[in-house]
Student: 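Sharing a structure below in structure tokens format, with a few things to ask.
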Amino acid sequence: QRLQFDIIHAHDWLTFPAGLAAKHASGKPLILHVHATEFDRTGGNSVNQQVYDIERQSMEAADGVVAVSQYTKDILTRHYGIPSRKICVVHNGVDLEDHVTAQDTPLRLEKLKESGYHIVLFVGRLTLQKGPEYFIRAAKIVAERDPNAFFIVAGSGEMERRLIEEACALGIGDRITFTGFLRGEELASLYRIADVYVMSSVSEPFGITALESAIHGTPVIISKQSGAKEVLRHSLRTDFWDTEEIANKILATIEYQPLRETLRAEAREEVRHLSWDQAATRCLSYFQQFITIS
């Protein structure tokens with residue numbers, strides 16, 4: 001009530017009620033930015049009704065909605081009943097200067113590469129939404145066909161212990177390592193040394209890790225249930241649940257150098273045109289129509 005401003009911009013359900021309160025207090029237009037929904041977080045199972053109600057009621061009351069992908073927009077129209085005309089898609093970006101390729105790689109990984117191993121990488125929270133169990137099951141299939149495949153799971157979350165136990169039960173405990181949460185140069189070194197990156201998400205509104213992988217020259221396999229596939233066209237796609245097909249695409253990428261090099265070069269070029277500045281410009285353009293009206 002005391003500040004001068006033109007628009008209210010709130011992100012995801014935790015801040016939606018505050019955005020609505022600000023709208024009611026000021027009369028200014030409210031734009032809600034949806035990075036993930038309750039359907040993404042739960043895979044559509046056991047949806048928290050309270051969270052769902054906050055999301056739906058807030059989007060109904062807002063003046064406009066920004067979705068991070070067409071995939072997310074489709075969820076908002078299908079599961080929340082939000083009119084398509086009310087939603088603007090603004091894809092996420094990535095800044096090249098924030099992802100300087102690491103100069104040092106862990107010695108153990110260097111030795112694995114020198115010994116002829118192919119490194120297959122998963123990066124993400126170890127939660128239902130990110131589908132790490134499907135990566136583990138695909139790894140089992142790959143390990144049976146390629147004795148030189150080695151798997152890395154980078155991330156932390158409530159499923160970590162269960163995933164470690166599953167990897168051991170599948171007999172690939174000696175072919176996989178769990179690094180825990182990584183970022184910065186540690187994560188960059190994994191992107192750089194990996195032969196292929198796999199994003200097996202059950203429901204991924206966007207998937208910035210796929211772009212990060214491409215920046216570092218690593219071929220990408222993306223879940224069809226994701227937004228990143230809309231902008232990263234030079235990638236291989238699979239359904240998250242199809243572990244046989246995930247395995248086939250992993251094997252194709254690590255065994256056929258021409259395929260690997262094409263994916264590497266073309267995806268890296270695509271990502272060069274996906275900046276946060278572009279995303280910001282598109283958001284500001286969308287805001288302008290509400291500021292003019294108000």
Student: What heavy-atom pair brings Ile208 and Gly93 nearest, and what distance separates the two atoms?
Tutor: CD1-O, 4.3 Å

Student: Determine the interplanar angle of the Phe206 and His91 rings, folded into 0 to 90°, and report it as parallel if under 30°, tilted if 30 to 60°, perpendicular if over 60°.
Tutor: tilted

Student: Looking at Glu204 and Lys130, is there a salt bridge between them, counting it only when a charged N and a carboxylate O are closer than 4.0 Å?
Tutor: yes

Student: Within the side chain of Ser285, is there an N or O that forms a donor-acceptor pair under 3.5 Å with the backbone of Thr281?
Tutor: no

Student: Using a 3.5 Å distance criterion without hydrogens, assess whether the side chain of Arg260 forms a donor-acceptor pair with backbone atoms of Thr253.
Tutor: yes

Student: I'd like to check Thr42 versus Asn48 (side-chain heavy atoms, cut-off strictly below 4.5 Å). Are they in contact?
Tutor: no

Student: Given Tyr134, which partner from the list Phe240, Trp241, Phe122 fulfils the ring pair (Phe, Tyr, Trp, His ring centres under 6.0 Å) test?
Tutor: Phe240

Student: Measuring only between side-chain heavy atoms, which start at C-beta, is Leu121 closer than 4.5 Å to Thr218?
Tutor: no

Student: Within the side chain of Ser275, is there an N or O that forms a donor-acceptor pair under 3.5 Å with the backbone of Gln278?
Tutor: yes

Student: Please report the closest heavy-atom contact between Glu55 and Trp13, naming both atoms and the distance.
Tutor: CG-CB, 3.7 Å

Student: Taking all non-hydrogen atoms of both residues, which atom of Ile8 and which atom of Ser26 are closest, and how far apart?
Tutor: CD1-OG, 3.8 Å

Student: Donor-acceptor pair, distance only, cut-off 3.5 Å: does the side chain of Arg237 make one with the backbone of Ile222?
Tutor: no

Student: Quick check against the 3.5 Å criterion: does Tyr52 have a side-chain atom that pairs as donor or acceptor with the backbone of Thr37?
Tutor: no

Student: Please walk me through it: do Glu133 and Arg137 pass salt bridge (Lys or Arg N to Asp or Glu O under 4.0 Å)?
Tutor: CA-CA 6 Å; Glu133 70 270 39; Arg137 292 165 196 170; 5.2 Å; no

Student: Taking all heavy atoms of Ala67 and all of Thr72, pick out the closest pair and write down the distance.
Tutor: CB-CG2, 4.0 Å

Student: Is there a donor-acceptor pair under 3.5 Å between the side chain of Lys140 and the backbone N or O of Leu170?
Tutor: yes

Student: Please check if the side chain of Lys86 supplies one atom and the backbone of Met59 the other of a donor-acceptor pair under 3.5 Å.
Tutor: yes

Student: Hey, is Glu114 close enough to Lys111 for a salt bridge, meaning N to O under 4.0 Å?
Tutor: no

Student: Taking atom types as modelled and ignoring hydrogens, do the side chains of Thr127 and Gln129 form a donor-acceptor contact shorter than 3.5 angstrom?
Tutor: no

Student: Any idea which heavy atoms bring Ser223 and Ser200 closest together, and the distance?
Tutor: CB-C, 4.1 Å

Student: Between Lys28 and Asp63, does a salt bridge (Lys or Arg N to Asp or Glu O under 4.0 Å) hold up when you go through it step by step?
Tutor: CA-CA 9 Å; Lys28 298 293 184 179; Asp63 296 275; over 6 Å; no

Student: Are the side chain of Ser213 and the backbone N or O of Ala210 linked by a donor-acceptor pair below 3.5 Å?
Tutor: no

Student: Fit a plane to each ring of Phe151 and Phe135, take the angle between them on a 0 to 90° scale, and name the class: parallel (under 30°), tilted (30 to 60°) or perpendicular (over 60°).
Tutor: perpendicular

Student: Search all heavy atoms of Asn148 against all heavy atoms of Arg175 and return the closest pair with its distance.
Tutor: N-NH2, 4.1 Å

Student: Just by distance, do the side chain of Glu270 and the backbone of Arg233 share a donor-acceptor pair under 3.5 Å?
Tutor: yes

Student: Quick one about Tyr71 and Glu230 (side-chain donor to acceptor, distance below 3.5 Å, no hydrogens or angles considered), yes or no?
Tutor: no

Student: Step through it carefully: locate the ring centre of His9, locate the ring centre of Phe287, and say whether they are under 6.0 Å apart.
Tutor: yes

Student: Would you say Tyr191's side chain and Tyr197's backbone share a donor-acceptor pair under 3.5 angstrom?
Tutor: no

Student: After noting the C-alpha distance and the side-chain angles of Lys249 and Glu245, does the key distance pass the salt bridge (Lys or Arg N to Asp or Glu O under 4.0 Å) rule?
Tutor: CA-CA 6 Å; Lys249 284 183 164 52; Glu245 186 60 19; 2.4 Å; yes

Student: Using 4.0 Å as the upper bound for N to carboxylate O, is an ion pair formed by Glu261 and Arg264?
Tutor: yes

